[in-house]
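Quick notes on the structure that follows.
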Protein chains: 2
Amino acid sequence: MAEALDRLDLKILDRLQIDASESSSEIAERVGLSQSPCWRRIQRLKEEGYIKAQVAVLDREKFGESMYIFAQLKMGRLSDEARESFIRAIEDIPEITEAYTLFGEMDVMLKVLAPSMAWYQNFTFRRLLRLPGVEDIRSTATLSEMKCTHRLPLPSAP
Amino acid sequence: MAEALDRLDLKILDRLQIDASESSSEIAERVGLSQSPCWRRIQRLKEEGYIKAQVAVLDREKFGESMYIFAQLKMGRLSDEARESFIRAIEDIPEITEAYTLFGEMDVMLKVLAPSMAWYQNFTFRRLLRLPGVEDIRSTATLSEMKCTHRLPLPSAP
DNA sequence: TATGAAAAGATAATCCC
DNA sequence: GGGATTATCTTTTCATA
């Protein structure tokens, strides 16, 4: 159902993940195409699911002090139900921005946006430790952000 | 220079970080405003820096197998120059999608998008360990993604 | 089948109230 | 902030190679 992407598709995708507010004619010019084929390619890339969404990136520093904290969770054995309820809980907590299952010792890695240390301490006890299956938590607090992007490395890019 | 945001601004921002492809009239309707004041607010939010960018979110699974790996780096003492050169190197490596300085033992946390384990092994030896100041690396590989968003929790949202 | 040109429709941007 | 107007861009259609 999804054919391979050519160099132009990759260039278009990379432009869009840098700046999706550009018009299709601007992008067309950048990648060396005229407006309408460029527009059609973008439509196709959306239909085929290469482009999942188009979102505004906000400046979190404008919304007060906050810090990312990585929390590694040690999980007990979970039934399928409990596991699903765990995942639903993760999705429902907006301060948890990312969650991954892990190889190795700790089972789950969370990235949490914490307004403060006090908030986070409360959060670990009142929320995280009460999630189904969570047995232990090891947290790593970040001090400052050097780089943060969602841009995927594509073959076309630098 | 930047005044406080009211409830409508927050609602607009949250809509935009969910879906920035909606027209200003659609957003206006959602937040209970007419098109032109809503558009003016969006412009102001961009000018004042609340909105940093508008980007396309790509589906990384469509681009072949890949995995996120968290790498914690132990750093030696760095001169200001070396530190800047380190940061520049981080920025220039597209597979490093996030980088944070840390409290505690390990100094730096990287999130790396690795095409494969073999690639990552090579990457740690040929790139990471050669960056200025890097003395040791502890890596945590992820198995699967449960949640991944850039949506900031705003007071208006659920 | 892919492209380019051009028309129709929708949206963004600017007016005045 | 709202309503109406204009400019711009998106989307469709059609002709071409």
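Letters A, B, ... are given to chains in the order of the sequence lines, protein chains preceding strands, and every chain is numbered from 1. In this text, all values refer to a predicted model and were calculated from it rather than measured experimentally. All values below come from the heavy atoms of this structure, side chains included, with hydrogens, waters and symmetry mates left out.
Between B/R15 and B/E26, no side-chain nitrogen of the basic residue sits less than 4.0 Å from a carboxylate oxygen of the acidic one, so the salt-bridge criterion is not met. A salt bridge links B/D6 with B/R41: at least one charged nitrogen is closer than 4.0 Å to a carboxylate oxygen. For B/E95 and B/R127, the salt-bridge test fails: no basic side-chain N is under 4.0 Å from an acidic carboxylate O. Of the charged side-chain nitrogens involved, at least one lies within less than 4.0 Å of a carboxylate oxygen, so that A/R30 and A/E22 count as a salt-bridged pair. Between B/E98 and A/K111 there is a salt bridge, with a side-chain nitrogen of the basic residue lying less than 4.0 Å from a carboxylate oxygen of the acidic one.
Whole-Å rounding puts the B/K11 NZ to D/dG1 P distance at 13 Å. The distance between atom CD of B/E22 and atom P of C/dA10, rounded to the nearest whole Å, is 17 Å. Taking atom CH2 of A/W39 as the reference point, atom P of D/dT11 lies 5 Å away to the nearest angstrom. Atom pair A/Q43:CD and D/dT13:C1' shows a separation of 15 Å (rounding to whole Å applied). Atoms CD (A/E26) and P (D/dC9) sit 7 Å apart, rounded to a whole Å. Regarding A/I42, its CD1 atom lies at a distance of 16 Å from the C1' atom of C/dA2, rounded to whole Å. B/R44 has its CZ atom 18 Å from the C1' atom of C/dA12, to the nearest Å. The CD atom of B/E29 sits 14 Å away from the P atom of C/dA12 (whole-angstrom rounding).
Under the 30°/60° scheme for interplanar angles, the aromatic rings of B/H150 and A/H150 are found to lie parallel. Relative orientation of the B/Y120 and B/F123 rings is tilted, given thresholds of 30° and 60° on the angle between their planes.
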Nucleotides 3-5 of chain C: which of its N/O atoms have a protein N/O under 3.5 Å away?
| from | atom 1 | to | atom 2 | distance (Å) |
| --- | --- | --- | --- | --- |
| C/dG4 | OP2 | A/S34 | N | 3.4 |
| C/dG4 | OP2 | A/S34 | OG | 2.5 |
| C/dG4 | O5' | A/S34 | OG | 3.4 |
| C/dG4 | N7 | A/S36 | OG | 3.1 |

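Contact between the side-chain N/O atoms of B/S24 and the OP1/OP2 oxygens of C/dA12 is found at a separation under 4.0 Å.
Other residues sharing the hydrophobic cluster of B/V57, ordered by chain and number and joined by side-chain separations under 4.5 Å: A/V55, A/V57, B/V55.
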*For side chain to side chain contact (heavy atoms under 4.5 Å, CB included), just list the numbers for A/L5 and A/L45, CA-CA rounded to whole Å, side-chain angles, deciding distance to a tenth of an Å, and then say yes or no.*
CA-CA 9 Å; A/L5 302 178; A/L45 293 167; 3.7 Å; yes
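In DNA chain D, consecutive stretches of 3 or more Watson-Crick or G-U wobble pairs with both distances under 3.5 Å are given as paired ranges: C:1-7 with D:11-17, C:9-17 with D:1-9.
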